[in-house]
Participant: 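Structure below; questions to follow.
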Amino acid sequence: MSAQLLDGKAHAKTLRDELKGAFASYSAQRGVAPTLAVLRIGADEASAGYARALEKTCQGVGAGFQLVELPELITQADAVETLAALNSDDTIHGIMILEPVPNHIDHPALIDLLNPAKDVDGVHPLNAGRLLANRPPFFVPATPAGGLRLLENAGVEFKGKHAVIVGRSDIVGKPMALLLLHRHCTVTITHSRTIDLPGVCRTADILCLAIGRAEMIKGDWVKPGAIVVDFGTTYTDAGLKGDCDQAAVAEVAGMLTPVPGGTGPMTNVLLMENLLRAAQLVA
Ligand code: NDP
């Protein structure tokens with residue numbers, strides 16, 4: 001078998017083009033563009049790169065972008081004050097706090113103080129809880145939302161399927177499990193202490209990988225015809241790799257999101273969709 005590859009790059013482009021029109025009409029009607037504020041604390045290089053990528057993504061759809069950079073030695077109180085100002089600024093519709101933050105900053109405490117209506121990254125406990133209870137409106141983290149959208153666009157039938165999620169992070173594994181549960185999959189969440197992971201993976205009709213270990217999932221861990229959603233992104237000497245051995249898994253699976261070009265390109269576009277929705281929810 002040779003798996004159908006789900007082309008995230010092409011889907012992301014289509015969605016971006018649709019969003020451009022929606023952002024333009026919002027801006028024309030309201031006189032202000034939906035705007036993302038990104039709070040970056042400290043000098044981490046990776047977060048600087050991510051901030052630049054977010055700015056480009058915002059420009060690509062016609063969203064506003066505001067980067068707020070705080071020095072490494074800022075106090076928690078001053079960081080809280082900056083966040084409070086963004087929370088109450090009517091010209092800001094979405095807020096993201098980039099990771100990592102310096103060690104002396106209490107990151108979870110900052111997340112708790114984020115205005116849930118501007119939490120376009122879906123990290124505030126209110127949004128996580130509403131997703132758990134399936135009680136909209138809530139914001140779903142963009143990465144699992146993008147993976148799900150690829151499956152929906154491919155016409156995948158979810159009801160009754162056994163979904164196995166490898167990885168239980170708050171930002172990928174758990175929300176993906178909940179999204180599939182709400183679509184009536186039977187869901188198993190696995191992690192580093194799971195016994196016989198290959199055996200559990202082989203029972204999956206839909207296998208979602210959110211581990212961060214290059215090519216860990218082998219071809220014989222996958223049920224013939226299964227749908228494999230690979231969120232993994234690990235930079236190796238041989239380039240960017242997902243969590244599965246793509247060549248071997250593609251021989252067995254029915255559908256596969258490739259790395260690169262699968263779930264990755266969808267993430268920032270889904271974030272823009274969340275930003276537009278946050279702006280639209282403002283009365
Ligand atoms: P985390 O490190 O937060 O979580 C990794 C999960 O994998 C943990 O639950 C961990 O288990 C589990 N795990 C680690 N090793 C094993 C193992 N040997 N066997 C079984 N489970 C294991 O990562 P994230 O969820 O943030 O990210 C996961 C991957 O997704 C990364 O590659 C990341 O780069 C990528 N990612 C991609 C995005 C995109 O845009 N496509 C966006 C965000 C992330 P335990 O809980 O027991 O420690």
Side-chain angles (χ1 to χ4, degrees), residues 5-13 15-16 38 44 46-47 49-54 56-57 60 96-101 107-108 111 120-123 128 131 139-151 163-180 187-204 207-218 221-222 228-236 238-246 249 256-274:
L5 296 183
L6 302 184
D7 186 345
K9 218 170 152 187
H11 276 94
K13 183 181 181 315
L15 186 52
R16 198 179 303 115
V38 167
D44 182 76
S47 83
Y50 189 34
R52 283 192 294 273
L54 287 169
K56 216 170 134 200
T57 302
M96 283 179 74
I97 305 168
L98 295 193
E99 290 188 73
V101 298
H107 185 238
I111 299 273
V120 290
D121 213 13
V123 293
L131 171 62
F139 292 106
V140 179
T143 298
L148 184 79
R149 188 68 61 81
L150 282 178
L151 299 186
V164 173
I165 320 295
V166 190
R168 55 176 164 178
S169 73
D170 292 341
I171 198 80
V172 193
K174 276 188 221 158
M176 189 65 189
L178 290 169
L179 289 169
L180 291 170
V187 177
T188 301
I189 303 177
T190 67
H191 45 78
S192 65
R193 271 74 148 195
T194 295
I195 292 168
D196 186 20
L197 184 63
V200 180
C201 288
R202 272 192 289 271
T203 66
L207 179 61
C208 301
L209 309 173
I211 315 163
R213 293 188 177 229
E215 302 185 316
M216 187 181 109
I217 307 294
K218 307 302 177 197
W221 296 29
V222 176
V228 179
V229 182
D230 193 343
F231 292 111
T233 49
T234 306
Y235 290 91
T236 72
L240 183 64
K241 297 289 176 189
D243 287 337
C244 78
D245 176 346
Q246 195 168 302
V249 168
L256 171 65
T257 64
V259 177
T263 58
M266 294 294 283
T267 295
N268 282 352
V269 190
L270 267 287
L271 182 71
M272 291 299 102
E273 197 178 84
N274 279 353

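In this chain, residues are counted from 1 in sequence order. Each ligand, and each atom within it, is numbered from 1 in the order the structure gives.
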Participant: Could you pull out the closest heavy-atom pair between Leu54 and Leu98, with the gap in Å?
Facilitator: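 Nearest pair, atom of Leu54 first, then Leu98: CD1-CD2, 4.0 Å.
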Participant: Going by side-chain contact (heavy atoms from CB on, under 4.5 Å), name the residues that satisfy it together with Thr188, two or more places apart in sequence or in a different chain.
Facilitator: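 Here the qualifying residues are His162, Val164, Thr190, Val200.
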Participant: Run the side-chain hydrogen bond (donor to acceptor under 3.5 Å, both in side chains) test against Ser169 and tell me which residues pass, sequence neighbours left out.
Facilitator: none
Participant: For ligand 1, which of its N or O atoms have a protein N or O partner closer than 3.5 Å, and how long is each gap?
Facilitator:
{"residue": "ligand 1", "atom": "9 (O)", "partner": "Arg168", "partner atom": "N", "Å": "2.8"}
{"residue": "ligand 1", "atom": "11 (O)", "partner": "Ser192", "partner atom": "N", "Å": "3.3"}
{"residue": "ligand 1", "atom": "15 (N)", "partner": "Arg213", "partner atom": "NE", "Å": "3.1"}
{"residue": "ligand 1", "atom": "21 (N)", "partner": "Ser192", "partner atom": "N", "Å": "3.3"}
{"residue": "ligand 1", "atom": "25 (O)", "partner": "Ser169", "partner atom": "OG", "Å": "2.5"}
{"residue": "ligand 1", "atom": "30 (O)", "partner": "Phe231", "partner atom": "O", "Å": "3.2"}
{"residue": "ligand 1", "atom": "32 (O)", "partner": "Thr233", "partner atom": "N", "Å": "2.9"}
{"residue": "ligand 1", "atom": "32 (O)", "partner": "Thr233", "partner atom": "O", "Å": "3.4"}
{"residue": "ligand 1", "atom": "34 (O)", "partner": "Thr233", "partner atom": "O", "Å": "3.4"}
{"residue": "ligand 1", "atom": "34 (O)", "partner": "Thr233", "partner atom": "OG1", "Å": "2.6"}
{"residue": "ligand 1", "atom": "40 (O)", "partner": "Thr267", "partner atom": "OG1", "Å": "2.7"}
{"residue": "ligand 1", "atom": "46 (O)", "partner": "Arg168", "partner atom": "NE", "Å": "2.7"}
{"residue": "ligand 1", "atom": "47 (O)", "partner": "Arg168", "partner atom": "NE", "Å": "3.4"}
{"residue": "ligand 1", "atom": "47 (O)", "partner": "Arg168", "partner atom": "NH2", "Å": "2.8"}
{"residue": "ligand 1", "atom": "47 (O)", "partner": "Ser192", "partner atom": "N", "Å": "3.1"}
{"residue": "ligand 1", "atom": "47 (O)", "partner": "Ser192", "partner atom": "OG", "Å": "2.5"}
{"residue": "ligand 1", "atom": "47 (O)", "partner": "Arg193", "partner atom": "NH1", "Å": "3.4"}

Participant: Specify the closest pair of heavy atoms between Ile189 and His191, including all atoms of both residues, with the distance to one decimal.
Facilitator: O-CD2, 4.3 Å
Participant: If the condition is side-chain hydrogen bond (donor to acceptor under 3.5 Å, both in side chains), which residues does Ser47 pass it with, not counting sequence neighbours?
Facilitator: Arg40
Participant: Thr143 and side-chain hydrogen bond (donor to acceptor under 3.5 Å, both in side chains): which partner among Asn268, Thr263, Asp121, Thr267?
Facilitator: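 With Thr143 as partner, Asn268, Thr263, Asp121, Thr267 yield a single side-chain hydrogen bond (donor to acceptor under 3.5 Å, both in side chains), made by Thr267.
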